[in-house]
Amino acid sequence: MEFLDGFMKIEINNFFLEFKTPFAIAHGTRSGTDLVFLKLEHENIIAHGEASLPPYLPDTQESVHKFVNAFFKVHTDLSEGLPSLLNTLMNFEEGNFAAKACVDIALHNWFAQKKGVPVWKMLGLNNSPLPLCTFTIGMDDKAGIKRKVAEAGEFKLLKIKLGGNNDREIITVIREVTDKPLCVDVNQGWHHDKEMALEMITWLKTQGVILVEQPLDKTDFEGQRWLHERSPLPIIADEAAQVLADVERLKDIYDGVNVKLMKCGGIGEGLKMIHEARKYNLKVLVGSMSESGLAISAAANLSSLADWVDLDGPLLTKNNPFDVVKYFDGKIVTSDK
Ligand code: MG
């Protein structure tokens, strides 16, 4: 839909982002992800935003439309400035974090264009040195895993999805074809057994794994505390670390957090989450849902603050409508636009 009110014009469109191959993680398998794109036009500047809506998050395309329309019905004048608008956005209705991220990305995009600088520069950040970007290997059969490792090409860090019933087999297959360091994402898949999780992590360390993401259920604080005290590898919170307020709660039982724009509400909140994590000496992974190049490049603005980034989405999808992301030497190149 679209409306004009004298100040601003917005257009909201649904999109289904398709994976190159059906993507399997501990939550299940799916062929793609619902997105919503926002186009915002004001003072002849056209800015874009995106919400990604994987089925395990509460937002839907309908809820994003509703939120974005409601927000811009009230806030049609951008002259109050970005910080004030972002503050209003985060307090505009409960939840709706993917919808907030969609608006936040469009607003950052608009203000950066208005100033004539890239978003990272507007935020006072750098575009070098940048951390390594992971290349994701979804669950697959033996041949499929080997093929995906080959596709990783110049990427120097692989992200492996575990939490199924053949975890050791997957790692063993990967080790037959590459000695690259591995990040392991369990997506809560070892929730039933913290002792088994410790045994697995101890073995994974001998296999060149450098970190483990969300091994236990996001609500199992006691189990995670137990595991954290014994784990030989850093454990990164993903499902457990949704928003800014989660960071302080998790600071003593995890070693780091995975910051994703769609979970926390956008670039502004993501930046706050990173600063909060650093305050407690936590590691920072800047991650993503399945997103188009638009939301991925938005997250890439925060790259220089991260230890690692997981922003390979555009390489795993086949109908990405925003071909704006480039990779070089195993890193995501931060856009100048
Ligand atoms: Mg994860």
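None of the values given here were measured: they were computed from a predicted structure. We count ligands from 1, going down the list as the structure has it; atoms in each ligand are counted the same way. Heavy atoms only: backbone and side chains are in, while hydrogens, waters and symmetry mates are out.
Between Ser79 and Asp77, the side chains place a donor N or O and an acceptor N or O closer than 3.5 Å (distance only, hydrogens not considered). Judged purely by distance below 3.5 Å, without hydrogens or angles, the side chains of Asp167 and Trp190 pair a donor atom with an acceptor atom. Inspection of the Glu50 and Ser292 side chains reveals an N or O donor paired with an N or O acceptor under 3.5 Å. Side-chain polar atoms of Gln214 and Tyr254 form a donor-acceptor pair below 3.5 angstrom.
The Mg ion (ligand 1) is closest to atom OD2 of Asp185 (considering only N, O or S atoms). Nearest N/O/S atom of Asp238 with respect to the Mg ion (ligand 1) is recorded as OD2.
For the Mg ion (ligand 1), the N/O/S atoms of Glu239 include none lying under 2.8 Å. For the Mg ion (ligand 1), the set of nearby N, O or S atoms under 2.8 Å includes one belonging to Glu213.
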